[in-house]
Amino acid sequence: MMEFDSIFDTGRQKTVNSKFCTKLPDTNSRISPWLSSLSYLLAGNILLPLYFSQITITGQENLPKSGPVILAPTHKTRWDSLLLPYATGRYITGRDLRFMVTSTECRGFQGWFVRRLGGFPVDAKRPSITTLRHTVELLQRGEMLVIYPEGGIFRDREVHTLKPGIARLAMSAESSHPGLGVKIVPICFNYSHPYPSWGADVSISIGSPIKVSDYAQGSIKQDAKVLTDDLGHALQHLNYQYDDLASSSFAQISS
């Protein structure tokens, strides 16, 4: 997740919101039907089942089948971005995912694939208003986005302090288009090893969606803080559930 704090300065808030409905420049990011289908086939039926010994997914009934959604997962390894479509994408919800990625990931041969599999670039050091506007437009079109709220990869079993950008982005989209119905879905990844090798286990816990409009009280900055706190609590709850389950399973094995 890239920081948007500089874009959300109070003095610039109205200026940004007033431009949401203008035509956006071409981001050169799309879903290629044939490449997406091939990726789902190879990853879902060959790569992931062969690499991981066990993939446990809970809470898929919490995934909205329509409307604007931001998936907000913890970020443990680069495998997360392959497992997310497997757990939440086309075969589960009938929807393809859109990923916000760093600009370096959209370069060269890798970038060719990333842009055709729903990825769109953002400058990590200087995120632009254009990127923000494009993200809001995707939500207005009812897309399902992936934004990692911790802001980086953390290989321990903790949920780290969330960056405020994801909540501010969601609040701005909702406030600029009342009734849009943006929802944020907390997702928690846990691996049996910090650096999962062949034969590792992975658990993916999907929580209940958070309705962004419930937090609209007037100040995007303050409302986003409350939303960020609640999202953090939701991720912590999912993480605790996994710890309790893991402890219970270990106790059964030991006995």
Side-chain angles (χ1 to χ4, degrees), residues 1-3 43 48-49 51-64 69-89 92-93 97 99-101 144-171 182-197 199-212 214-215 223-255:
M1 171 64 199
M2 310 308 168
E3 273 303 319
L48 296 177
Y51 193 85
F52 291 98
S53 176
Q54 183 174 0
I55 301 175
T56 303
I57 306 171
T58 59
Q60 286 177 316
E61 68 278 3
N62 293 321
L63 293 167
V69 176
I70 299 177
L71 301 182
T74 56
H75 205 5
K76 305 298 184 185
T77 78
R78 292 194 178 276
W79 284 102
D80 300 344
S81 296
L82 287 177
L83 286 159
L84 270 174
Y86 178 82
T88 68
I92 307 302
T93 60
L97 309 185
F99 286 81
M100 180 183 291
V101 302
M144 182 179 280
L145 308 183
V146 177
I147 303 178
Y148 294 102
E150 293 172 298
I153 292 178
F154 298 93
R155 297 184 183 274
D156 54 26
R157 293 190 181 278
E158 302 298 324
V159 175
H160 291 256
T161 302
L162 306 189
K163 305 298 183 182
I166 183 172
R168 294 188 182 186
L169 177 64
M171 294 299 307
V182 179
K183 296 178 181 178
I184 300 178
V185 178
I187 300 175
C188 191
F189 280 96
N190 277 292
Y191 295 84
S192 57
H193 302 90
Y195 292 85
S197 56
D201 296 335
V202 56
S203 172
I204 307 169
S205 304
I206 303 169
S208 300
I210 299 172
K211 192 175 180 180
V212 174
D214 290 344
Y215 293 81
D223 297 343
K225 184 181 184 305
V226 178
L227 177 55
T228 300
D229 290 342
D230 284 358
L231 175 59
H233 293 325
L235 289 170
Q236 291 281 9
H237 179 67
L238 292 174
N239 203 43
Y240 291 150
Q241 285 184 323
Y242 171 80
D243 287 341
D244 290 343
L245 180 62
S247 298
S248 176
S249 298
F250 178 77
Q252 290 178 4
I253 293 173
S254 298
S255 61

Member of Asp230, Thr228, Asp223 meeting the side-chain hydrogen bond (donor to acceptor under 3.5 Å, both in side chains) criterion with Tyr215: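 Option passing the side-chain hydrogen bond (donor to acceptor under 3.5 Å, both in side chains) with Tyr215: Asp230.
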Counting distance only, does the side-chain N/O of Arg168 pair as donor-acceptor with the main-chain N or O of Ala224 below 3.5 Å?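 Not a single qualifying donor-acceptor pair exists.
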Give a yes or no on whether the backbone of Ile206 and the side-chain of Gln60 come within a donor-acceptor separation of less than 3.5 Å.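 No.
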Minimum heavy-atom distance between [X] and [Y], given as atom pair plus value:
| X | Y | result |
| --- | --- | --- |
| Leu235 | Cys188 | O-SG, 4.3 Å |
| His75 | Glu150 | N-OE1, 3.0 Å |
| Pro64 | Lys183 | CG-CD, 4.2 Å |
| Ile166 | Ala72 | CD1-CB, 3.7 Å |
| Ser81 | Tyr148 | OG-OH, 2.8 Å |
| Leu238 | Gly207 | CD1-N, 3.7 Å |

Going by side-chain contact (heavy atoms from CB on, under 4.5 Å), name the residues that satisfy it together with Lys76, two or more places apart in sequence or in a different chain.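 Scan of Lys76 (side-chain contact (heavy atoms from CB on, under 4.5 Å), adjacent residues dropped) gives Thr74, Asp80, Asp156, Phe189, Tyr191.
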Among residues at least two apart in sequence or on other chains, which ones pass side-chain contact (heavy atoms from CB on, under 4.5 Å) with Ile55?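 Here the qualifying residues are Leu48, Phe52, Ile57, Leu83, Tyr86, Val202, Ile204.
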Are the side chains of Pro209 and Val69 in touch, meaning some heavy atoms are under 4.5 Å apart?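 No - every pair of side-chain heavy atoms lies 4.5 Å or more apart.
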Yes or no on side chain to side chain contact (heavy atoms under 4.5 Å, CB included) for Leu227 and Ile184, after CA distance, side-chain angles and deciding distance? CA-CA 10 Å; Leu227 177 55; Ile184 300 178; 3.9 Å; yes
From CG (Asp201) to CG (Asn190), nearest 0.5 Å: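 Those atoms lie 11.5 Å apart.
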